Amino acid sequence: MSEKQEWKDMEDMVKRVAGQEPLPESLAPEEIEKKLRASLAEEDGVKYKANKFYGKNRKWRRKAQVWSSVMAACLVLALVLSVVVSQNGAFSEKDEKDKVGTGKKETIAETEALEEILVGAASEDEIFDRIDRIQNPEKYMSVGERIINGVENLIDAVGGRFIGVKSEEKMDMAAGPIRNGEAAESSTEYSTAEDTAGGLSKDSKQEEGVDFSETNIQEEGVGEADEVITDGKFFYIKRANKNEIAIVQADGAQMQTVSRITWPELDEKEEQYVHEFYVSGDKMVLMKTIYNYYASEEGKVLDSCREETWVELYDISDRSAPKQISVLKQDGAYESSRMTGGYLYTFSDHYIYNNIQKDKPESYMPCADGEVIACGDIYVPNETDSAHYKVITSVKLDAPENFQTEKAVLCGSGWCYVSSNAIYFLAESYKNKTEDGYNLSEIWKFAYQDGNIAGSASGTVKGAVRDQFAMSEEKGYLRVVTTYGKNENNAVARGGIAVDDVAVRNEDMKNGLYILDENLNLVGSLENLAENEQIYSARFFADTAYFVTFRQTDPLFSVDVSDPANPVLLGELKIPGFSEYLHPYGEGRLLGIGYAANEDGRQTGIKLSMFDITDPGNVKEIATKNIAEFNENSSYSSPALYNHKAVLVNTAKNLIGCNLNGHIYANRRETQNNAYVVYGYDEEQGFFLKKKTELTISRADNGRYDGSFDKELDKCSEIRGAYIGNYFYTINEGYTIQCFDMENDFALLGEYEY
Amino acid sequence: MEIDRDLVNRARNKDPEAFAKLYGLICEDLFHFAVYMLGNRQDAEDAVSETVMSAFSQVGKLRKPEAFRSWMFQILVNQCKRKRKEYAQAAVPIEDNYFEPAPDREEICDLHRALGFLEDEERTVVLLSAVGGYSSREIGDYMQMNANTVRTRRAKAFSKLRTLLEGGNGREAIL
């Protein structure tokens with residue numbers, strides 16, 4: 001009996017029995033509609049915690065408990081944290097001598113190269129205290145606070161709104177399982193910003209004299225990792241739905257898998273996930289996350305998922321036999337990385353669960369290389385309500401036995417932007433607001449050079465960013481575009497569908513551009529842009545910033561940022577649709593990839609736009625093409641809309657390539673179309689199709705899913721485009737590689753199931 | 001599931017009627033998932049309500065109309081995860097005895113109990129698969145797992161469920 005049949009009948013049984021449970025009246029669609037209307041009617045928007053909604057007493061009490069404990073947390077934090085006032089208002093200022101190591105190796109003498117402005121934590125006690133206050137606020141309440149707390153309980157319980165915050169959500173932010181938000185992001189087509197081999201393989205490129213495509217990166221010379229990489233001779237492909245990297249030799253249409261890097265299944269309590277990798281000469285570095293779901297003794301699964309990032313280095317001088325050189329481990333789930341100057345910088349997010357124990361530093365401090373990171377290397381802001389550490393390591397590719405530097409900062413979870421000499425983390429605060437009540441983000445800046453990393457500044461900015469492209473450093477100034485609002489807990493621009501219990505009301509939104517100096521002090525800003533809209537994409541040039549907001553039409557804003565203290569709005573081009581990604585396309589041209597939309601704001605397809613930015617004050621859309629039209633039965637998406645590395649753009653070769661995924665439903669048949677398109681652009685004729693390669697799979701919809709389609713679905717894995725010399729390749733991460741002749745109208749030369 | 005794009009677009013513009021209609025297409029699946037995930041009708045009711053309100057408040061961000069159902073499920077999965085976490089922290093004793101055996105509810109109670117013996121993760125996989133009707137790939141997306149792993153877990157979880165419900169000793173042990 002096949003595996004599938006074995007459980008199929010059980011599945012049917014569960015479905016049948018589960019279906020017998022009657023739907024409560026309150027969940028009937030008409031009841032829900034009433035609630036939705038009521039929620040709209042409530043003037044203060046997000047506060048739908050009205051009696052009518054939570055009518056059950058039992059429920060009330062529970063909410064009240066959570067509510068009050070968070071309130072208490074805020075109070076305690078405010079009281080305790082205001083005691084220490086630091087030079088820049090965010091970090092505790094301690095004498096260097098106070099630093100107490102924890103047996104971790106000596107901090108690299110980074111002061112030689114980088115001046116450390118921020119000062120790490122003084123002791124384990126201090127760190128424990130901070131974490132404990134976040135996790136167990138009630139322990140720290142004075143009698144007076146307990147009374148206040150009790151009164152608030154009462155007020156809350158009788159339906160008053162004493163505190164204008166959605167405490168429940170805050171609690172969740174502080175104590176929820178770490179993967180929540182991230183899981184949501186990734187599965188709703190929101191990949192976090194990550195990395196590439198771009199700029200790394202240049203040496204070999206020059207040797208070979210072969211021209212080949214590199215990963216699309218944000219910042220010149222700062223490599224980002226990717227899932228598919230070529231070095232001009234081989235393809236390195238992380239296969240879809242598998243922990244496997246295939247190395248495929250490509251000599252024109254002659255393709256041959258020479259080796260596969262795979263990993264044995266771990267202990268059943270552990271899960272591994274290979275994210276992405278770099279290829280640099282004869283070395284490959286890949287990053288994976290190990291999820292250990294059962295780390296706690298009690299076996300409380302949700303309380304105990306411990307995540308660890310593994311950085312694995314391989315010697316691939318013999319492509320047919322990659323050899324593992326080293327494995328370095330750091331706490332936290334992999335977030336992103338960069339490679340530059342022969343060093344890899346890896347960022348992970350380490351969440352501290354509730355079960356902290358004072359005598360076990362590893363329960364409240366992050367580890368790297370198997371040891372707890374030294375207190376002096378851990379930055380603990382005075383104010384934080386987040387138990388997330390960002391762990392930052394560096395490793396020299398030529399000395400991969402240990403991390404060279406290990407740092408951590410206790411801050412929220414957010415976006416990472418890396419310039420040629422600084423690492424920025426920007427995390428929206430769930431607690432703090434601007435004086436005028438808007439959401440704000442905290443920014444942490446770390447200077448880096450030759451593997452040394454030093455905390456150098458912290459600051460805040462109004463609002464939240466959409467992605468890494470919303471940030472850019474120029475001449476030491478950080479320029480940021482954000483969307484801000486007055487909502488409680490708003491995660492406005494976290495991107496795509498913020499699948500979290502975060503309520504956002506569009507009505508409050510505005511956008512701004514901020515310029516901060518090297519110490520992250522605000523020097524210039526431009527605010528109140530595009531009311532009720534949010535930023536979808538941004539691209540900074542040295543002196544001009546372009547960004548797109550959207551609600552019904554797409555204003556493409558251009559701002560002169562040449563004087564940091566005085567950004568000037570130059571223009572605002574309104575066109576239907578909006579761009580999710582902007583990319584320079586030669587002199588005076590800016591390419592946009594996004595959605596077409598009609599005058600009501602309804603999306604009608606995926607479109608390419610070419611903007612003439614010769615005069616930033618008078619930007620024009622000079623060409624547009626709907627490359628995937630939606631109709632009542634079909635819609636399309638593209639990884640290019642949310643992952644810059646999925647976009648292939650080469651101005652010299654006039655190539656604009658991306659994957660299009662079509663989903664068609666008609667006559668009770670579900671059809672998926674997986675295509676890769678290559679467009680060119682011509683000043684006269686606009687965008688023109690150079691090549692489209694596609695495959696289609698289809699199944700009858702019998703009302704439920706039987707698992708037999710999974711294998712077919714592999715064919716619908718993401719497709720990346722690449723070129724080597726005059727050959728163009730489309731690499732389906734779950735299926736085959738196709739090779740086309742660019743000199744001969746993209747004629748198909750061969751297809752290889754690798 | 002065929003999704004009326006117009007309905008989604010109206011819902012995106014915060015039309016309660018349109019949203020409720022869309023919700024109506026999936027409300028039973030949502031509730032069944034929640035009630036077996038949490039083992040408690042009241043909490044399941046709350047979880048679904050909260051999911052609806054949360055989704056409605058951010059429906060403008062729903063980009064792909066056909067993703068409506070998945071999107072709602074994703075929010076619900078997170079809601080349930082939180083509630084399970086609350087249980088695990090034992091802040092709230094589960095006092096609901098709704099699932100006491102009753103003549104006409106025997107099968108339902110058995111299933112609840114058997115599911116109660118699964119790990120949270122196994123239960124999630126089982127319910128996303130059986131009630132949600134999701135593929136291993138989609139479940140993998142929700143749970144940040146590789147699809148192959150989901151397949152292995154799914155087979156294992158259903159086999160465990162079979163032992164609990166049908167097997168001799170296993171069944172006696174729990175029921």
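The sequence lines fix the lettering, A, B, ..., with proteins before strands; numbering per chain opens at 1. All values derive from a computational prediction rather than experimental measurement.
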Indicate yes or no for a side-chain donor-acceptor contact from B/His32 to the backbone of B/Val131 under 3.5 Å, with no hydrogens or angles considered.
no
Side chain from CB out, backbone as N, CA, C, O: work out which of these in B/Leu111 comes under 4.5 Å of a heavy atom of chain A, or both, or neither.
side chain
Ranking A/Pro24, A/Ala28, A/Ala240 by heavy-atom pairs under 4.5 Å to chain B gives rank one to A/Pro24
When you measure from the side chain of B/Tyr23 to the backbone N and O of A/Leu27, does any donor-acceptor pair fall under 3.5 Å?
yes
Checking A/Asn661 now: which residues fulfil side-chain contact (heavy atoms from CB on, under 4.5 Å) with it, not counting sequence neighbours?
A/Ser637, A/Pro639, A/Asn659, A/Asn674
Going by the rule side-chain contact (heavy atoms from CB on, under 4.5 Å), which residues pair with B/Ala157 if we only count those two or more places apart in sequence or in a different chain?
B/Glu122, B/Val126
Could you tell me which portion of B/Leu115 (side chain, backbone, both or neither) has an atom closer than 4.5 angstrom to a non-hydrogen atom of chain A?
neither
